[in-house]
Chemist: 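I am attaching a structure below and will ask some questions about it afterwards.
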Amino acid sequence: MAPSPAPVAHVADLQRLIIRDPGRPRVTWYGDDGERVELSGAVLHNWINKTVNLLVEEFDAAPGTRVVLDLPPHWRAIVWGLAAWRTGATLVLLPDAPASGAVEREEEAGARALLGLAHDADVVVTSRPAAWAGTHAPVVAVPLPALARRFDGDLPAGAIDAGSAVMTYGDQIGWVEEVDPDAAALEPEAVLHGELVTWASRLGDDVAPGSRDLVQEGDASRLLRRTLQVLAVDGSVVVLSPALTTALAQDPERLSRLRTSERVDL
């Protein structure tokens with residue numbers, strides 16, 4: 001009988017946990033059009049390591065580094081979020097859109113928010129690099145299609161195309177600074193690195209060890225929190241895009257078939 005896994009305190013512990021059973025699915029993603037991507041423990045571990053190496057080698061990512069994550073709820077947001085935390089950096093998420101009926105006012109407020117974030121950012125990880133043009137923030141452009149090998153669109157000067165760049169980095173972490181448990185892990189929510197797993201576990205839903213959970217979240221913060229909560233207890237997640245979540249809410253039979261085919265527990 002295999003010994004019980006040690007408690008997870010940080011992403012490094014999480015990586016050791018998910019490769020105990022390397023072939024087991026850990027993150028399964030369904031996109032807007034039903035596109036399905038499955039990351040086993042070994043594959044997720046590999047993606048995190050490559051992304052960590054890019055962040056460290058290109059941006060000296062370490063405790064105190066501010067990584068702005070401008071990605072929708074998506075499997076790539078999970079990878080980049082976990083990788084940023086693995087370096088000990090602070091993950092900065094975009095504020096919620098203002099509750100206003102005037103579209104122009106919302107766009108102006110959004111532009112001001114980007115400028116403010118860019119001023120203090122060491123790197124911006126985004127699927128919409130054009131929105132950050134002119135902010136002078138270092139940009140990593142992330143393509144969202146599963147098979148994309150490059151970003152399909154114009155890039156600001158100096159931007160890194162994650163579609164082609166990530167795969168050039170090593171499968172094992174070359175070097176990373178030790179994580180400071182008292183350093184900020186997440187903003188604007190005030191979460192420290194030493195509190196990440198506890199923060200995730202306080203989400204409210206009970207998660208059984210080893211369970212396979214359906215995750216339908218509308219923002220990156222909730223997605224990361226829920227995924228960390230489940231993976232930390234040796235579970236796995238089936239993540240639906242917001243558009244697919246909306247569609248399946250109107251089609252209970254299709255949702256039931258998906259839950260059955262993916263053997264979802266919760």
Chemist: Would you say CZ of R254 has more than 12 non-hydrogen atoms from neighbouring residues, nucleotides or ligands within 6.0 angstrom?
Modeler: no
Chemist: Counting only heavy atoms not in R222, do more than 12 fall under 6.0 Å of its CZ?
Modeler: no
Chemist: Look only at the side chain of D122 and the backbone of R66, and say whether a donor-acceptor pair between them is shorter than 3.5 Å.
Modeler: yes
Chemist: Apply side-chain contact (heavy atoms from CB on, under 4.5 Å) to the pair I173 and R86, showing each step before the final yes or no.
Modeler: CA-CA 10 Å; I173 294 175; R86 180 65 180 88; 3.8 Å; yes
Chemist: Between H10 and W85, is the ring centroid distance below 6.0 Å?
Modeler: no
Chemist: May I ask you to check whether over 12 heavy atoms, not counting those of D206, lie within 6.0 Å of atom CG?
Modeler: no
Chemist: List the steps, then state whether side-chain contact (heavy atoms from CB on, under 4.5 Å) holds for D13 with V197.
Modeler: CA-CA 11 Å; D13 300 328; V197 176; over 6 Å; no
Chemist: Can you tell me how far apart CG (L214) and OG1 (T28) are? Round to the nearest 0.5 Å.
Modeler: 10.5 Å
Chemist: Determine whether a donor-acceptor pair (N or O, by modelled atom type, separation under 3.5 Å) exists between the side chain of H45 and the backbone of I18.
Modeler: no
Chemist: Any chain of hydrophobic side-chain contacts (each under 4.5 Å) joining V142 to W29?
Modeler: yes
Chemist: About how many Å separate CG of L114 and CG of D70, when rounded to the nearest 0.5 Å?
Modeler: 6.5 Å
Chemist: What pair of heavy atoms forms the shortest contact from P72 to L144, and how long is it?
Modeler: CG-CD1, 3.7 Å
Chemist: Are any of the side-chain heavy atoms of D120 and V92 separated by less than 4.5 Å?
Modeler: no
Chemist: Between D32 and S241, is a side-chain hydrogen bond (donor to acceptor under 3.5 Å, both in side chains) present by the stated rule, with each step listed?
Modeler: CA-CA 6 Å; D32 294 352; S241 75; 2.6 Å; yes
Chemist: Under a 4.5 Å side-chain heavy-atom rule over Ile, Leu, Val, Met, Phe, Trp and Tyr, are V239 and Y30 clustered together?
Modeler: no
Chemist: So which of E57, K50, E58 actually passes side chain to side chain donor-acceptor pair (under 3.5 Å) with Y169?
Modeler: E58
Chemist: Does G170 offer a backbone N or O that forms a donor-acceptor pair with the side chain of N53 under 3.5 Å?
Modeler: yes
Chemist: Should the heavy atoms of other residues, nucleotides or ligands under 6.0 Å from CG of D152 be counted, would the total exceed 12?
Modeler: no
Chemist: Could you walk me through whether R212 and S236 pass the side-chain hydrogen bond (donor to acceptor under 3.5 Å, both in side chains) test, one step at a time?
Modeler: CA-CA 5 Å; R212 185 157 170 81; S236 64; 3.1 Å; yes
Chemist: Keeping S256 on the side-chain end and E253 on the backbone end, is there a donor-acceptor pair under 3.5 Å?
Modeler: no
Chemist: Is there side-chain contact between P156 and T135, with at least one heavy-atom pair below 4.5 Å?
Modeler: no
Chemist: Looking only at atom types and distance, does a side-chain atom of T168 sit under 3.5 Å from a main-chain N or O of A165, one as donor and one as acceptor?
Modeler: yes
Chemist: Which atom pair, heavy atoms only, marks the closest approach of P73 to L223?
Modeler: CA-CD2, 3.6 Å
Chemist: So, are D234 and R26 salt-bridged, with charged N and O less than 4.0 Å apart?
Modeler: yes
Chemist: What I'd like to find out is whether the side chain of L155 reaches to under 4.5 Å of the side chain of V139, using heavy atoms alone.
Modeler: no
Chemist: Is there a donor-acceptor pair under 3.5 Å between the side chain of S211 and the backbone N or O of V207?
Modeler: no
Chemist: Rounded to the nearest 0.5 Å, how far apart are CG of L55 and CD1 of I48?
Modeler: 12.0 Å
Chemist: Report the distance from atom CD1 of I78 to atom CH2 of W47, rounding to the nearest 0.5 Å.
Modeler: 13.0 Å
Chemist: Where is the tightest heavy-atom contact between V68 and A121, given as atom of each residue plus distance?
Modeler: CG2-CB, 3.6 Å
Chemist: Quick check on the hydrophobic clustering: are V264 and V233 connected, directly or via other members, by side-chain heavy-atom contacts under 4.5 Å?
Modeler: no
Chemist: With side chains defined as the heavy atoms from C-beta onward, is the minimum distance between T65 and D60 less than 4.5 Å?
Modeler: no
Chemist: Kindly compute the distance separating CG (L39) from CG (L44), expressed to the nearest 0.5 Å.
Modeler: 6.0 Å
Chemist: Please check if the side chain of H193 supplies one atom and the backbone of A89 the other of a donor-acceptor pair under 3.5 Å.
Modeler: yes
Chemist: If you compare all heavy atoms of F151 against all heavy atoms of D154, which two are closest, and at what distance to 0.1 Å?
Modeler: CE2-O, 4.3 Å
Chemist: G81 and L91: which non-hydrogen atoms are nearest, and at how many Å?
Modeler: CA-CD2, 3.9 Å
Chemist: Calculate, to the nearest 0.5 Å, the distance between atoms CH2 and NE2 belonging to W80 and H74 respectively.
Modeler: 13.5 Å
Chemist: Linking I/L/V/M/F/W/Y whenever any side-chain heavy atoms sit under 4.5 Å apart, do L69 and W199 land together?
Modeler: yes
Chemist: Step by step, would you call D171 with N49 a side-chain hydrogen bond (donor to acceptor under 3.5 Å, both in side chains)?
Modeler: CA-CA 6 Å; D171 294 344; N49 284 353; over 6 Å; no
Chemist: What's the shortest heavy-atom distance between Q229 and L203, and which atoms?
Modeler: OE1-CD2, 3.6 Å
Chemist: So do L231 and L17 actually touch side chain to side chain, heavy atoms under 4.5 Å?
Modeler: no
Chemist: Verify the cluster assignment for V11 and W175: are they in a single hydrophobic cluster under the rule of side-chain heavy atoms below 4.5 Å apart?
Modeler: yes
Chemist: Taking 4.0 angstrom as the limit, do E217 and R225 come out as a salt bridge?
Modeler: no
